[in-house]
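Heavy-atom basis, side chains included; hydrogens, waters and symmetry copies ignored.
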Amino acid sequence: MGTTQREDQRTATERRRRQLLEAAERVVLRDGPGASMNAIAAEAGITKPILYRHFGDKGGLYRALAVRHTDALVDALRAALDAPCDRRERVAAALDTYLSAIEARPQVYRFLMHPAEHPGGDRGFDVGQHSAPLLRRLGEELATVIAERVDLGPEGGERARIWGHGIVGMMHAAGDWWLRERPYPRDRLVRQLADLLWGGLATADDRAGGPGF
């Protein structure tokens, strides 16, 4: 098989995989954590064995959807942190970016974070096994941004990772509670969380030569 033919085949496979993920998202938006492989295969107009051929099992499909949404969220968070405003406003913008993402697609969020809760969900699907890597990746991404932009002293790398994972843990726990109960509008939660974070960030200087935070 020639190089061009292999590249065409790879492009076709990637296109088909993207189409299947889009079909999966439509089912997840409709069914939430109860989305099944049968329903996704039907939405895509294929048989379940073909779906398994692309993703292996529901865990493989989950990981593909998680990467898709995490990539988009990381890009949005970086854009918020690059906004031309002061640090306090950027902190609030980053918090709002995360919370608005889960508010806009609550069914997708529940599928990614709570699939085992739905009685109709596939048995044996361990939510912790799959959601933990997603949160760890967000924590590492945020830690990288903090380390690049904030002067945290001689132990800056260690502190940046602690802060990055701590902030993601806070956003996740607070956002999960808020999405379930909706006790007040999102902007009030953003303001309160930003106030909590601001104690440490307000006293840290920007890293010399860095893009600023």
| said: Quick check for you: to the nearest 0.5 Å, what is the distance between Y184 atom OH and Q192 atom CD? | reply: 6.5 Å

| Side chains of M171 and I102: closer than 4.5 Å at any heavy-atom pair? | no

| said: Are there over 12 heavy-atom neighbours, none belonging to E155, within less than 6.0 Å of that residue's CD? | reply: no

| query | Between CD of E14 and OG1 of T11, what distance do you get to the nearest 0.5 Å? | reply | 5.5 Å

| task | Please name the pair of heavy atoms, one in L138 and one in Y98, separated by the smallest distance, quoted to 0.1 Å. | result | CD1-CE1, 4.5 Å

| request: Flag the pair L142 / L81 as yes when at least one side-chain heavy-atom distance between them is below 4.5 Å, and no otherwise. | output: yes

| task | Decide yes or no on side-chain contact (heavy atoms from CB on, under 4.5 Å) for R15 and R18, but give the supporting numbers first. | result | CA-CA 5 Å; R15 185 187 311 115; R18 185 171 60 253; 3.5 Å; yes

| query | Is any side-chain heavy atom of V145 closer than 4.5 Å to a side-chain heavy atom of E141? | reply | no

| field | Approximate separation, where rounding is to 0.5 Å, of L197 CG and R88 CZ | value | 9.0 Å

| message | Any non-hydrogen side-chain atom of M113 less than 4.5 Å from a side-chain atom of L134? | response | yes

| query | Nearest 0.5 Å, what's the CD1-CG distance between I40 and L20? | reply | 9.5 Å

| said: Does R68 have more than 12 heavy atoms from other residues, nucleotides or ligands lying within 6.0 Å of its CZ? | reply: yes

| task | Check the pair L95, M170 against side-chain contact (heavy atoms from CB on, under 4.5 Å), reporting the backbone distance first and the verdict last. | result | CA-CA 10 Å; L95 291 166; M170 182 192 73; 4.2 Å; yes

| Can you say whether the rings of Y109 and H172 are parallel (under 30°), tilted (30 to 60°) or perpendicular (over 60°)? | tilted

| Lys/Arg N to Asp/Glu carboxylate O, D176 vs R180, below 4.0 Å | yes

| note | All heavy atoms of Q107 vs all of D31, minimum pair found to be NE2-C, 3.9 Å

| request: Flag the pair F55 / R63 as yes when at least one side-chain heavy-atom distance between them is below 4.5 Å, and no otherwise. | output: no

| query | Are any of the side-chain heavy atoms of V168 and E140 separated by less than 4.5 Å? | reply | no

| remark: Closest non-hydrogen contact found for R90 with D82 is CD-N, 4.4 Å

| said: Once rounded to the nearest 0.5 Å, what's the spacing between atom OH of Y52 and atom NZ of K58? | reply: 9.5 Å

| task | Verify side-chain contact (heavy atoms from CB on, under 4.5 Å) between R159 and I146, making sure each step is shown before the conclusion. | result | CA-CA 9 Å; R159 293 183 68 188; I146 292 171; over 6 Å; no

| task | Work out which heavy atom in A39 is nearest to a heavy atom in R30; give both atom names and the distance. | result | CB-NH2, 4.0 Å

| query | From L61 CG over to L21 CG, what is the distance, rounded to the nearest 0.5 angstrom? | reply | 6.5 Å

| query | What heavy-atom pair brings H54 and R17 nearest, and what distance separates the two atoms? | reply | O-NH1, 3.1 Å

| In the single-linkage hydrophobic clustering (I, L, V, M, F, W, Y; side-chain heavy atoms under 4.5 Å), do V67 and V28 co-cluster? | no

| message | Testing the basics here: between L65 and A24, what is the closest heavy-atom pair and its distance to 0.1 Å? | response | CD1-CB, 4.2 Å

| said: Using the rule given for side-chain contact (heavy atoms from CB on, under 4.5 Å), can you reason through E148 versus T144, listing the C-alpha separation, both sets of side-chain angles and the distance that settles it, and then say yes or no? | reply: CA-CA 6 Å; E148 289 173 348; T144 298; 3.5 Å; yes

